[in-house]
Structure formats: structure tokens, C-alpha cells
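Working notes for the structure below.
Please read these numbers as outputs of a predicted model, since none were measured by experiment. Every chain is numbered from 1, with letters handed out A, B, ... down the list of sequences.
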2 protein chains.
Amino acid sequence: MAGAIADPVRREILLMLREERLSAGEIAERFAVSRPAVSRHLRVLRESGLVHDELVGRRRFYVLDTGRFTELAEWLALFARPSGWEHHLDALETEVYRTRRERRERGVADRGRENTA
Amino acid sequence: MAGAIADPVRREILLMLREERLSAGEIAERFAVSRPAVSRHLRVLRESGLVHDELVGRRRFYVLDTGRFTELAEWLALFARPSGWEHHLDALETEVYRTRRERRERGVADRGRENTA
DNA sequence: ATGAAGCGTAACCTGTCGGTTACGCGTCCG
DNA sequence: CGGACGCGTAACCGACAGGTTACGCTTCAT
């Protein structure tokens with residue numbers, strides 16, 4: 001996963017997906033590089049679990065998966081000093097889990113196969 | 001900096017340096033790879049500001065620089081939800097700055113000699 | 001049914017990365 | 001002194017990452 005975040009294009013994609021889910025094309029047109037290149041970046045993000053995709057008709061939307069960020073936070077916490085922020089990062093973790101649960105509840109309904117574009 | 005953290009050997013080195021400062025040799029002997037290889041990993045870490053070196057006689061000690069971790073934390077905070085942990089990461093930042101100030105006071109003595117070929 | 005739209009994949013090329021060995025330079029010790 | 005020690009750098013090399021173009025498969029629209 002660390003490798004996935006190392007690339008500036010992929011980091012930018014992750015930032016874009018904070019706001020809303022975006023289709024592969026919508027993402028690609030915001031970069032100077034070719035669409036296939038972006039497509040592969042998306043694959044890397046997908047395989048590292050940082051995003052997942054939702055197929056809608058002939059379009060493929062990408063959605064941020066906040067869960068994996070927890071690991072980064074945990075690693076970061078290893079560098080905390082005793083008096084420091086480990087505690088806060090615990091709270092962070094809890095928050096992320098909550099997020100995940102909420103998403104699940106909000107609808108497994110639209111997990112694939114939506115209709116009409 | 002993101003690239004510096006992408007490599008597993010470098011991440012391991014950073015973990016090792018949490019406890020205490022270590023000389024290049026001490027670090028190298030804990031890895032299977034050759035000493036020059038480790039030496040270059042150390043250079044990458046140095047140039048990305050994650051560690052700095054302290055020359056003592058013919059030995060070169062490496063020390064963790066916690067300051068740069070703040071950036072990672074800040075980036076991570078960009079993915080926080082409104083209700084979430086941004087607040088906690090602010091606290092984290094404060095903590096890191098304190099660490100930096102302490103180190104500065106403890107001694108800037110041998111800040112020298114970095115990148116001269 | 002047919003053409004266009006939206007995406008992923010394959011094949012290919014190039015630059016960068018991580019590893020290795022050989023070497024050079026400053027430092028400690030007898 | 002002179003040799004051993006500690007460490008960085010240079011030169012070289014195989015592996016891989018990321019970019020490009022060409023292409024194929026679905027899905028929508030007419």
C-alpha cells in the first residue's frame with residue numbers, strides 16, 4: 001500500500017475522490033497523461049484496497065475506501081512519543097471503523113449494477 | 001518524501017531509529033543486503049528529511065527527524081470526515097513541533113557535513 | 001442492427017530503483 | 001608512521017514502474 005501512495009498522480013486521485021465518486025473518464029480528463037495510464041493507476045489503487053469500483057452501465061465509478069488509511073495511521077503512531085498522540089490515533093481508528101460500518105448500512109443495494117446513466 | 005517511505009527497508013530503518021540513534025554500520029548489519037545498499041537508503045532518508053546524521057569520529061550516527069512526519073499526518077487528515085479526527089491530528093502536530101524544539105535545544109552542535117561528493 | 005461511447009488490457013519502450021563489487025578518503029590505534 | 005576500520009561513492013546491471021499506442025469487449029443510442 002505504501003507504494004500506491006508514493007505516486008503523485010495516485011495521491012491526487014485519492015484527493016479527488018474525497019468529494020464524490022468519479023468515473024474513470026472523469027478522473028482521466030483531469031490529468032495530462034493518457035487515459036490508459038490513469039486506468040492503471042486506478043487498478044493499483046483498487047488492488048491496494050484504497051478504492052473500490054462500482055459499475056454503472058458502461059461506466060465505472062471509483063469510490064474512496066477509507067479503511068486502509070487506518071494502517072497508515074497505525075504505522076505513523078509507531079513514531080509517537082509516550083506522552084504523545086498514540087491515544088489520538090486510537091480515536092482515529094475508531095472513527096474509520098464507524099465510517100466503514102455506516103457505508104455498509106447506507107446501502108449494499110447499490111453495490112453493483114445500478115441502472116440508467 | 002512519500003517515495004522514501006515506500007521502501008520496506010527504509011521503513012524498517014525508521015522503526016529501528018525510534019529507540020536510539022544508530023551508526024551506519026549498526027544499521028547495515030541488521031539487514032541481509034550489502035552495506036553500500038543500506039548506505040544509499042540512508043542517503044534517501046537523509047535527503048527527504050526523515051533523518052539527519054551526526055558525525056562522531058569515523059562513525060556516522062543516524063537520528064530520526066520526527067518533523068517530517070507531520071506532513072504525512074496532515075495529508076492523512078485531508079481524508080478525515082467532518083465529525084472525525086482532524087482535531088486529533090492537530091494535537092499530533094503540536095506534539096511533533098514540541099519534539100523538534102526540544103531537539104534543537106538539546107544541541108545543534110554537529111549539524112555538519114551532508115552531501116558532498 | 002449498427003455505430004459510438006466508455007474502459008480495460010496487451011505490447012512496447014524508457015527512466016528510475018535497488019542491489020552488487022571495486023575503490024577512495026578520513027579516522028583511530030599500535 | 002602505517003595498517004585496520006568505518007563509511008560514502010562510482011560504475012555497472014537486472015528488474016520494475018509508468019507512459020504511449022493499438023485493440024477488444026460491453027453498453028447505450030439511433
Side-chain angles (χ1 to χ4, degrees), chain A residues 1-17 20-64 110-117, chain B residues 1-17 20-63 109-117:
Chain A
M1 191 210 42
I5 292 182
D7 186 272
V9 171
R10 287 194 289 265
R11 280 200 303 275
E12 182 62 27
I13 291 176
L14 291 174
L15 287 175
M16 289 169 40
L17 292 178
E20 50 181 347
R21 77 178 189 178
L22 293 171
S23 70
E26 290 168 339
I27 294 172
E29 71 187 4
R30 304 191 192 188
F31 290 96
V33 300
S34 72
R35 199 187 51 66
V38 172
S39 184
R40 275 210 322 212
H41 280 304
L42 290 171
R43 179 154 60 116
V44 172
L45 290 174
R46 216 186 310 142
E47 288 175 347
S48 62
L50 287 165
V51 306
H52 70 91
D53 57 328
E54 296 172 356
L55 273 63
V56 179
R58 56 185 163 181
R59 303 207 290 165
R60 185 186 293 246
F61 285 95
Y62 285 89
V63 182
L64 198 61
D110 54 11
R111 248 320 179 115
R113 227 53 56 193
E114 285 181 7
N115 220 355
T116 311
Chain B
M1 193 213 38
I5 292 181
D7 187 271
V9 171
R10 288 196 287 267
R11 281 199 301 275
E12 182 62 25
I13 291 176
L14 290 175
L15 288 174
M16 288 169 44
L17 292 178
E20 52 182 346
R21 76 179 191 177
L22 294 171
S23 70
E26 291 168 341
I27 295 173
E29 71 187 5
R30 305 194 190 185
F31 290 95
V33 300
S34 71
R35 200 187 50 65
V38 173
S39 184
R40 274 209 325 211
H41 280 304
L42 290 171
R43 178 155 60 115
V44 172
L45 290 174
R46 216 186 308 142
E47 289 175 347
S48 63
L50 287 165
V51 307
H52 69 90
D53 57 326
E54 296 172 356
L55 272 65
V56 178
R58 56 184 164 181
R59 302 208 289 163
R60 184 186 293 246
F61 284 95
Y62 284 90
V63 182
D110 46 13
R111 258 276 173 169
R113 216 56 52 201
E114 281 219 357
N115 216 6
T116 324

Taken to the nearest whole Å, CD/E47(A) to P/dG18(D) is 12 Å
Rounded to whole Å, the CG-P distance (L42(A) to dA17(D)) equals 17 Å
Here the distance between atom P of dG6(C) and atom CG of L22(A), to the nearest Å, is 15 Å
Side chain to side chain donor-acceptor pair (under 3.5 Å) with Y62(A): of E54(A), R46(A), R21(A), only one passes, and it is R46(A)
A correct 5'-to-3' footprint of nucleotides 14-30 of chain C, with B, S and - meaning base, sugar-phosphate only and no protein heavy atom under 4.0 Å, is ----BBBBB----BS--
Residue pairs passing the salt bridge (Lys or Arg N to Asp or Glu O under 4.0 Å) test with at least one member in residues 26-41 of chain A, sequence neighbours excluded, are E26(A)-R59(A)
Which part of the nucleic acid, if any, lies within contact of F61(B), taking any heavy atom under 4.0 Å across all strands shown: a base, the sugar-phosphate backbone alone, or nothing? nothing
So the side chain to side chain donor-acceptor pair (under 3.5 Å) pairs with at least one residue in residues 1-14 of chain A (sequence neighbours excluded) are R10(A)-H41(A)
By side-chain contact (heavy atoms from CB on, under 4.5 Å), A6(A) pairs with (sequence neighbours left out) A6(B)
- Query: How is Y62(B) classified with respect to the nucleic acid when contacts are heavy atoms under 4.0 Å: base, sugar-phosphate, or nothing?
  - Reply: sugar-phosphate
Tested for side-chain contact (heavy atoms from CB on, under 4.5 Å) against R60(A), the lone hit among I27(A), L42(A), D53(A) is D53(A)
Worksheet item: Does S23(A) make a side-chain N or O approach to OP1 or OP2 of dG6(C) shorter than 4.0 Å?
Response: no
